[in-house]
K.L.:
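Dumping the structure here so I can ask a few things about it.
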Amino acid sequence: MSTANNTWRPATQLVHGGTTRSSHGETSEAIFLTQGFVYETSEAAEARFKGETDGFIYARYGSPTNDMFEKRMCLLEGAEDARATASGMAAVSAAILCQLKAGDHIVAARALFGSCRWVVETLAPSYGIECTLVDGRFIENWEKAIRPNTKVFFLESPTNPTLEVVDIAAVAKLADAAGAKLVVDNVFATPLLQKPLELGAHVVVYSATKHIDGQGRCLGGVILSSKDWIDEHLHDYFRHTGPALSPFNAWTLLKGIETLPLRVRQQSENAAKVADFLAEQNQIARVIYPGRKDHPQADIIAKQMKGGSTLVCFEMKGGKDAAFALQNALEIVKISNNLGDAKSLITHPATTTHKNLAEDARAELGISDGTVRLSAGIEDSDDLIEDFARALKAVSA
Ligand SMILES: *Cc1c(COP(=O)(O)O)cnc(C)c1O
C-alpha cells in the first residue's frame, strides 16, 4: 500500500509520502536494485505490456524505489506526475527537448546555469530549434521575444550566481497567451521556498544533486508537471532516450528529502546571518541576498518566495586577488562549485562555473572578477561568521 495524503503539510509528506512497503513491512524504504521484473504467466506479461494491468516492466521505464521518490516529490511540489532522472541536466534537457521539434522557438532567460544555457543556446539550434535569450528581470523583454513559433519559455529564479529573480507568474501568463509552456528550473529556490506550479508554470525541474540529496553524495534530477503534459510529451521520450535514475540513487534522494525542511531552514538562516555580516564589512562592495530588503527585486521576491535563499552572492573589493585570498583563508567553508550541501561551499564563478562565458556575457550577468558565491551549509552560524571574519582579516593583512 502506498502512503499518500494530500492534506499533510510538507514536513510530514517528506517523511511518509509515497512510501510503498513490501511484505516485510520495513520501516525504511527499500532499495529495489533490479533491472527487470518477473511475470507469473505469458498472459500476465502480455497484459502488462498492453497497459491492462499496473506494474513495472523495465527499470529504464520505472521501478519501485524511483516510484516512491517520484510520488514524494509530487506531493511536495503539488504536481500530478513526475519522472526521476540521472542528473539535473538530464531533467532539464529532457523537459525542454521532449516538447520541441525543428522550426520551434524557445525564449529563455540569459542568466542560467552554464549547462542549461548550452542546451538552449548551442544544442537546440543545432537541431533547428531557434532560441532567443533575454534579460529575464524585465517582463517586457519576454513579451518582445515571442514569435508565432514560440513553444517553450525557460528560466531559473533565483539565478546562478547573482541571485536575480524573474517574475514567474507574469512570465507564465505570457506563455499561456502565446500557447507556450513555461519550464522553471527551481534548484536555487528549493521546493520549500518557491512553488512554480502554483505561480502558473507548466513544468518544474530540479537537480536533485543539490538540496534534495543535500549531503553531497549522488547525482539526480526530477521533472514534475501535469499528467497530461507528461503523457503527451515526456512519457515516450523518457522511455526511449533513457535518462533514468539509478534505484540506488533514488533511495539516497528519497532518504535525503526526509530532512529537507530542517536543512533548508538552517541553511537559509545561516545564509541570512552571513549576508548581514558581510554587508557590514568594508572589504565587500556589495552583497546580494534574496532575503534582504536591499535586494533590487525585493518586491518580486516578496510575491513569490516564502524565504530568502540558501545562497549568498557578494563582491570583494580588489577583484580576483582578493576573492582568491578570501577563499584560501577560509577554514570551515570549503572551496567547491557544488551547492545545497550540508557543508558550506564557496566558489569564484568567473574562474569556475562561468569561465566558459565571454567576458562581456559575464559582465551582462553582473559577474565580476570579485564576485563570490556562498552556498550556506548547516553548521553553527557563529562558526561561519567567525570563519569569514578571520579570513577577511587575513585578506587585508
Ligand atoms: C546543478 C544545477 C543543474 C544541473 O544539475 P546536475 O545534477 O549537476 O546535472 C541545473 N540547474 C541548476 C540551477 C543547477 O544548480
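Quick caveat, the model's predicted, so the values are computed rather than measured. One-based numbering, in listed order, for ligands and for the atoms of each.
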K.L.:
Show me a pair-per-line table, with atom names and distances to 0.1 Å, of protein N or O atoms that are under 3.5 Å from an N or O of ligand 1.
P.N.:
| from | atom 1 | to | atom 2 | distance (Å) |
| --- | --- | --- | --- | --- |
| ligand 1 | 5 (O) | Ser207 | OG | 3.0 |
| ligand 1 | 7 (O) | Gly88 | N | 2.8 |
| ligand 1 | 7 (O) | Ser207 | OG | 2.8 |
| ligand 1 | 7 (O) | Thr209 | OG1 | 2.6 |
| ligand 1 | 9 (O) | Gly88 | N | 3.1 |
| ligand 1 | 9 (O) | Met89 | N | 2.8 |
| ligand 1 | 11 (N) | Asp185 | OD2 | 2.6 |
| ligand 1 | 15 (O) | Lys210 | NZ | 2.8 |

K.L.:
What salt bridge (charged side-chain N to carboxylate O under 4.0 Å, His left out) pairs are there with at least one residue in residues 190-203, not counting sequence neighbours?
P.N.:
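Non-adjacent pairs meeting salt bridge (charged side-chain N to carboxylate O under 4.0 Å, His left out): zero.
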K.L.:
Any ion pair linking Asp104 and Lys101 (charged N to carboxylate O, less than 4.0 Å)?
P.N.:
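Asp104 and Lys101: salt-bridged.
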K.L.:
Should Arg21 and Glu26 count as an ion pair when the cut-off is N to O under 4.0 Å?
P.N.:
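No, no charged N to carboxylate O under 4.0 Å.
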K.L.:
If you link I, L, V, M, F, W and Y whenever their side-chain heavy atoms are under 4.5 Å apart, who else ends up in the same group as Leu374?
P.N.:
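Other cluster members: Val274, Phe277, Leu278, Ile284, Val287, Tyr289, Val312, Phe314, Met316, Leu326, Leu330, Ile332, Val333, Ile335, Ile346, Val372, Leu384, Ile385, Phe388, Leu392, Val395.
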K.L.:
I need the full list of salt bridge (charged side-chain N to carboxylate O under 4.0 Å, His left out) pairs touching residues 330-345, with sequence neighbours left out, sorted by first then second residue.
P.N.:
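Every pair satisfying salt bridge (charged side-chain N to carboxylate O under 4.0 Å, His left out) with a residue in residues 330-345: Glu331-Arg390.
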K.L.:
Against Ile96, only a single residue in Leu123, Asp185, Val205, Ile106 fulfils side-chain contact (heavy atoms from CB on, under 4.5 Å); can you say which?
P.N.:
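So the option named by the test is Ile106.
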